[in-house]
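Structure first, commentary second.
Treat the numbers as computed from the prediction; the structure is a model and nothing was measured.
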Amino acid sequence: MIVTTTSFAQYKLLLIASAVSQEAKLVSLDWLAEGEVWYESKSLAPLKKCHNLCDEDFKFINKNSLSKEKPVDALLLTTITQLDQYLAGERQQFDMTLDWSLGTPFQQSVWRALQQIPYGQTISYAQLAQNISKPTAYRAVANANGKNPFSIIIPCHRVVASDGSLGGYTGGLDKKRLLLDIERN
């Protein structure tokens with residue numbers, strides 16, 4: 001697994017990609033807490049468990065050292081470019097290959113439904129549950145939403161509480177507000 005970090009507004013993001021069956025795929029995109037270094041990220045534990053990995057299986061490459069000639073590096077560079085475009089208000093959808101293996105079939109169905117929420121719009125957890133034909137499963141939907149390994153790219157920030165309040169966000173409500181503000185402008 002290749003790991004790099006990038007800045008996003010005043011925050012830092014952790015990006016992890018790998019070559020699965022000779023195809024480069026993004027495995028995780030997550031927020032780093034203030035002062036947190038990449039190898040302390042909570043994102044690594046589920047990856048280690050799911051793929052039976054150890055610390056030595058993760059290789060950090062500074063984003064300035066990534067090469068367009070290597071498929072995994074090129075994917076990370078594309079991801080960084082698209083994130084920069086999104087932050088600048090120039091991109092509304094992301095186009096990269098994702099490795100969905102961290103999710104159960106139910107979680108994956110929720111994540112796919114999240115991708116159907118239009119840019120700049122929000123829906124409730126209850127509406128998201130209805131969208132996947134599980135109208136009483138709004139708590140399970142909220143839990144799956146929180147397990148989304150592709151923050152920003154799969155727009156879990158577009159889901160709010162039924163009363164219109166922000167609800168929760170794994171990266172923190174300040175980040176959810178930032179993403180919603182980017183999309184409102």
Can you confirm whether more than 12 heavy atoms, excluding those of Lys70, are under 6.0 Å from its NZ atom? no
Under 3.5 Å donor-acceptor, Lys176 side chain and Val159 backbone: yes
More than 12 non-hydrogen atoms from neighbouring residues, nucleotides or ligands closer than 6.0 Å to CD on Gln85, yes or no? yes
Other residues, nucleotides, ligands: >12 heavy atoms within 6.0 Å of Tyr39 OH: no
Tell me the closest heavy-atom pair linking Ala161 and Tyr125, and the distance in Å. N-CE1, 4.1 Å
Gln127 side chain to Ser124 backbone, donor-acceptor under 3.5 Å: no
Can you tell me if Gln107 uses its side chain to pair, donor with acceptor, with the backbone of Lys147 under 3.5 Å? no
Counting only N and O atoms by type, is there a donor-acceptor contact under 3.5 Å from the side chain of Lys48 to the main-chain atoms of Asp55? no
Side-chain donor or acceptor of Thr4 paired with backbone N/O of Ile61 under 3.5 Å: yes
Spell out, as yes or no, whether a donor-acceptor pair under 3.5 Å connects the side chain of Gln82 to the backbone of Asp95. yes
Does any part of the side chain of Leu13, heavy atoms only, come nearer than 4.5 Å to the side chain of Ile152, both counted from C-beta? yes
Using a 6.0 Å cut-off, check whether atom CD of Gln10 has over 12 heavy atoms from anything other than its own residue. yes
Heavy-atom side-chain proximity of Asn148 to Thr170 below 4.5 angstrom: no
Under 6.0 Å from the OH atom of Tyr138, do we count more than 12 heavy atoms belonging to anything else shown? no
Decide whether Thr6 and Lys63 meet the rule of one side-chain donor and one side-chain acceptor closer than 3.5 Å. yes
Is there a donor-acceptor contact under 3.5 Å linking the side chains of Tyr86 and Glu183? yes
Rounded to the nearest 0.5 Å, the OG atom of Ser7 sits from the CG atom of Leu83 at a distance of 11.0 Å
Arg177/Asp174 salt bridge by N-O under 4.0 Å criterion: no
For Asn62, give me all partners under side chain to side chain contact (heavy atoms under 4.5 Å, CB included), at least two apart in sequence or on another chain. Phe60, Asn64, Ser65
May I ask you to check whether over 12 heavy atoms, not counting those of Glu90, lie within 6.0 Å of atom CD? yes
When you look at CZ of Arg112, are more than 12 heavy atoms from neighbouring residues, nucleotides or ligands closer to it than 6.0 Å? yes
Distance from Asp30 atom CG to Leu14 atom CG, nearest 0.5 Å? 6.5 Å
